[in-house]
Structures are given as structure tokens and as C-alpha cells.
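Quantities reported herein were computed from a predicted structural model and do not represent experimental measurements. All residue numbers in this chain count up from 1 along the given sequence.
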Amino acid sequence: MEGHKFVLVFVLLALASSFASASDPSPLQDFCVAINETDGVFVNGKFCKDPAQVTENDFFYAGLNTLGISFARIDYAPYGGLNPPHTHPRASEILVVVEGTLYVGFVTSNLANGDNRLITKVLNPGDVFVFPIGLIHFQFNVGKTNAVAFASLSSQNPGVITIANAVFGADPPIKPDVLAKAFQVDKKIVDYLQKQFWTDNN
């Protein structure tokens, strides 16, 4: 009986230690200040400034790379300014509103009953909202003045997929028959949407 307990404990420990945690890999150096040159260490699509030449100004505003996070300022036009529905496949996002009023939300992945739930909130200055990793989300200015928010993402390379651009602006285009069936609309509507000018939101 004692041997069976040992085997059971061993199996449980083996199973417990086999769970994996996925995240960005650790940086290979302390930091990478991105530069527009073609000589040096190449990280995440940018060349890095020589660490011996880095100053405090390199950490003040732009150019920081490979620290496992991203940060952005987003400016919204008065009523109707929009960061359209999009997703970050590799990061959660935390948004802090500093000016204006934003209507924000995200859509859950398919629930057990097949539904997708919309989670929304109206945010005012000082409010904070979290968009979980990989979920479709948006921000819309419902105020009469400009709005400003800061977003931080839990990856140095969060990726962005703007839903309308990806679906209706793909190159080459997705066959209209596929989209008409998927969206349950007339093919003429799909043809119209595919002819629109789709801009990137990043």
C-alpha cells in the first residue's frame, strides 16, 4: 500500500509540473533603444543603440524596446472619435482615461451556449478598464470634446488585428460568397464593404 501512495504522489507531482505558462520570452539584454540605423543588434524589427551611448532621454519618451510591455497615447476626436473593434492576440490591455468620456467594451469568446457577451462601460477621467488578452475590444468618444487615454499592453509585441480591415480589406480579398454566408447578408453588401477604403488603426 505504501508503494501505491508513492506512485500516486509521483504521478500527481509529474502532472502538476507539466503545466506550461505562455508569455513573452525574457529579453536577451537589459534594454534595446530602437534606432533608425542598420548596424548593431537587431531586436523586434529594430536595431538597438549601443548601450554605452544610451542616456536618460532614451527612456523618457520614444524608442524603448524589449522590456515586455507596450505603452501608447490615444487621442480621440470629439463625439464619434473611434478606436475601432480590434484585438491584440498576444497581450491584455489596460486603459486609463485622462480627458473626455469614452464608451468602451469587449466581446467575450464563445460561451458554453454559443453566445458572445458584450461587456461595456462609460469611462471618465481617472477611470481604468482592462481588455483581456485576445478579445475584440473598442473605444468610442461619447463626449463633445476631445478625449485622451493611455494604454499599456502586457507584451512588447502585442500585435493588432483590426476586425473590419482584416475581414473586408484583406489582400487578396476573402471571397464575397464566404463573407455573405458568414454574415448572413446579401453579396452586394459584402461587395460594397470590400470596396471601401480601410485604414489601419495603429
Side-chain angles (χ1 to χ4, degrees), residues 22-27 29-36 43-49 51 53-109 116-169 196-202:
S23 65
D24 281 349
S26 296
Q29 65 280 338
D30 288 340
F31 50 80
C32 172
V33 175
I35 55 174
N36 292 324
V43 178
N44 285 347
K46 296 285 185 181
F47 284 94
C48 304
K49 189 174 189 179
Q53 303 300 315
V54 170
T55 70
E56 66 280 356
N57 289 329
D58 292 313
F59 298 87
F60 174 66
Y61 176 71
L64 201 56
N65 194 9
T66 75
L67 292 182
I69 58 171
S70 302
F71 191 74
R73 174 186 166 136
I74 309 167
D75 292 271
Y76 306 85
Y79 190 84
L82 173 68
N83 190 0
H86 64 283
T87 180
H88 303 289
R90 296 179 292 277
S92 293
E93 176 179 343
I94 187 166
L95 185 84
V96 179
V97 176
V98 293
E99 290 178 25
T101 305
L102 296 177
Y103 168 70
V104 305
F106 66 87
V107 180
T108 65
S109 58
N116 299 92
R117 184 170 171 218
L118 175 63
I119 310 289
T120 65
K121 185 83 174 158
V122 173
L123 304 180
N124 295 297
D127 290 343
V128 177
F129 198 82
V130 176
F131 303 105
I133 187 171
L135 297 185
I136 296 171
H137 59 283
F138 62 88
Q139 301 102 40
F140 183 79
N141 187 354
V142 293
K144 295 180 179 177
T145 61
N146 291 334
V148 177
F150 288 97
S152 182
L153 297 108
S154 63
S155 172
Q156 62 202 24
N157 185 15
V160 64
I161 302 167
T162 306
I163 305 307
N165 295 359
V167 173
F168 296 107
Q196 302 308 302
F197 180 75
W198 297 100
T199 58
D200 206 351
N201 78 322
N202 57 4

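- Although no hydrogens or angles enter the test, the distance criterion places no donor-acceptor pair under 3.5 Å between the side chain of H137 and the main chain of G105.
- V142 places a side-chain heavy atom less than 4.5 Å from the side chain of Y79.
- Between the side chain of S70 and the backbone N or O of S155 there is at least one donor-acceptor pair closer than 3.5 Å.
- At least one donor-acceptor pair closer than 3.5 Å links the side chain of T108 to the backbone N or O of R117.
- Residues N146 and P78 have side chains in contact (heavy-atom distance under 4.5 Å, counting atoms from C-beta outward).
- No donor-acceptor pair closer than 3.5 Å links the side chain of S154 to the backbone N or O of A91.
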Exercise. Y76 and F140: ring pair (Phe, Tyr, Trp, His ring centres under 6.0 Å), yes or no, with the steps?
Worked result: CA-CA 8 Å; Y76 306 85; F140 183 79; 9.4 Å; no
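- Closest approach of N157 and R90 over heavy atoms only: O-NE, 2.7 Å.
- In terms of heavy-atom proximity, I35 sits nearest to C48 at CD1-O, 3.6 Å.
- Between S109 and N116, the shortest heavy-atom contact is C-ND2, 3.4 Å.
- Closest heavy-atom contact between T87 and G134: OG1-O, 2.8 Å.
- Contact of the F131 side chain with the H86 side chain is not registered, since no non-hydrogen atoms from C-beta on lie closer than 4.5 Å.
- Between I161 and A166, the shortest heavy-atom contact is CG2-CB, 3.7 Å.
- At a threshold of 4.5 Å between non-hydrogen side-chain atoms, the residues T145 and E99 do not count as touching.
- Here the options are N124, L95, V122, the test is side chain to side chain contact (heavy atoms under 4.5 Å, CB included), and the partner is L102; only L95 passes.
- Note that CG of N141 is 12.0 Å distant from CG of N83, once rounded to the nearest 0.5 Å.
- Atoms OG1 and CZ, from T120 and F138 in turn, are 6.5 Å apart once rounded to the nearest 0.5 Å.
- Here the OH-CG distance, from Y103 to L123, works out to 11.0 Å after rounding to the nearest 0.5 Å.
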